[in-house]
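Take a look at the structure set out below.
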Amino acid sequence: MKTSLAIPVQKIEKSKIQETDFSNLIFGKTISDHMFVADYVNGEWTDLRIVPYGPLDLHPANAALHYGQSIFEGMKAYKNDKGEILIFRGDANARRMNESATRMCMPEIPEEIFMEGLLQLLDLDRNWVPSGKGASLYIRPYMFAMDNYIGVKPSDTYKFIIFTCPVGAYYSKPVNVKVETAFTRATEGGTGAAKTAGNYAASLFPALQAQREGYDQLLWTDGKSHSKIEESGTMNVMFDINGTLITAPTHTGTILKGITRDSVIQLAKDWGKPLEERFLTVSELQEALEDGSLREAFGTGTAATIAHIAKINVNGKDYNLPEKGPDAFSNKVLNELDGIKYGTIPDSRGWIVKI
Ligand code: COI
């Protein structure tokens, strides 16, 4: 592989790959052998290195642990039938990470460091990229504050790490969701658009309550009026009402700019599918569920991919969605995206980097 940055590598003494059961991967539990690390000190990214995956040395006063300056990305790589590795839209993740960094007063990570660190890590751990339908290598780039300081201010030092996990499906069956109208994930002016740890932490309590009632996830509504559908905890959401695809817009700063969301929108536009980027109101959703005009609803996310929604609870009432037919838009989009990701459909949009 041609590289533009010389990144020193310290290899693991004994790989864990022989002990890994690739036919039984629990999402996020198995971590590959190595990780890429860079430190931000004195205003620059330095000491780029690939080292064995292992514990970090953290000071108890670490600012990320106290004040939450912590951002992350989720992306995936796939293996084609020639054994090549295909990374899906990594440049988009690098850009989004920097948007999160700006919002959280953290330094940008140059795209060259992000991509070179990733490419060299994946090249070294290429045997960890699983092959076969539904299998992929989940990639977790993240950055967090490294100052040891008790006081609320942006840190001066940071650490950027990428590690990877071979994974199967995040959701193994269609999901049941509940429209949340009491708790709030994000409000205008807040951090909803940033992929920052606190957004996920804040969602845990209400999500857990819904899980206890038998739902997999919440459908968040806007923080002011709780009348508009925003997104779900692990994915953006899309609704097909009478053949028109409706998904929340991103201009309010309350919605995560999903890369799968964007990919689905691009495909829908290319295929001439009627599309509206607007907020669907809770009452519109309930009406469409009552009168049968809601053909399907699905989530879009890196981990979730395209996740069919089977049941929606609105205002305390459960609605079962129609069975997903073979010509459902979500099937078409899932097959197209999978084809591009696994290299069986040509990548005409420049979404794949191959190594
Ligand atoms: C992703 O889709 O990459 C996420 O970060 C969501 C999380 C459920 C794994």
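Only heavy atoms go into these numbers, but all of them, side chains included; no hydrogens, no water, no symmetry mates. If you read the sequence from its start, that first residue is 1, and numbering goes on from there. Here the structure is a predicted model, which means the values were calculated and not measured. Counting starts at 1 for both ligands and their atoms, following the listed order.
Close approach of ligand 1 to Tyr170 (heavy-atom distance below 4.0 Å) involves ligand atoms 8 (C). Under a 4.0 Å criterion applied to the non-hydrogen atoms of Phe72, ligand 1 contributes the atoms 5 (O). Close approach of ligand 1 to Arg140 is summarised as follows: ligand atoms under 4.0 Å from at least one heavy atom of the residue are 5 (O). Residue contact check: Thr302 has heavy atoms under 4.0 Å from atoms 2 (O), 3 (O) of ligand 1. Atoms of ligand 1 lying under 4.0 Å from any heavy atom of Thr234, numbered from 1 in the order shown and given with element: 8 (C).
At a heavy-atom distance under 4.0 Å, no atom of Lys76 approaches ligand 1. When non-hydrogen atoms are compared, ligand 1 lies under 4.0 Å from the side chain of Lys195 (C-beta onward) but not from its backbone.
Note: an N/O pair closer than 3.5 Å links Ala303 and ligand 1 by distance alone.
For Lys273, the NZ atom is densely surrounded, since the number of other residues' heavy atoms within 6.0 Å is greater than 12. Environment of CD in Glu19: crowded, with over 12 heavy atoms of neighbouring residues, nucleotides or ligands closer than 6.0 Å. More than 12 heavy atoms of other shown residues, nucleotides or ligands fall within 6.0 angstrom of atom CD in Glu290. Residue-environment remark: CD (Glu323) stays at or below the threshold of 12 foreign heavy atoms within 6.0 Å. When the shell of 6.0 Å around CG of Asn42 is examined, it contains 12 or fewer heavy atoms from other residues, nucleotides or ligands.
Protein heavy atom nearest atom 1 (C) of ligand 1, with residue, atom name and distance: Tyr138 OH, 3.3 Å.
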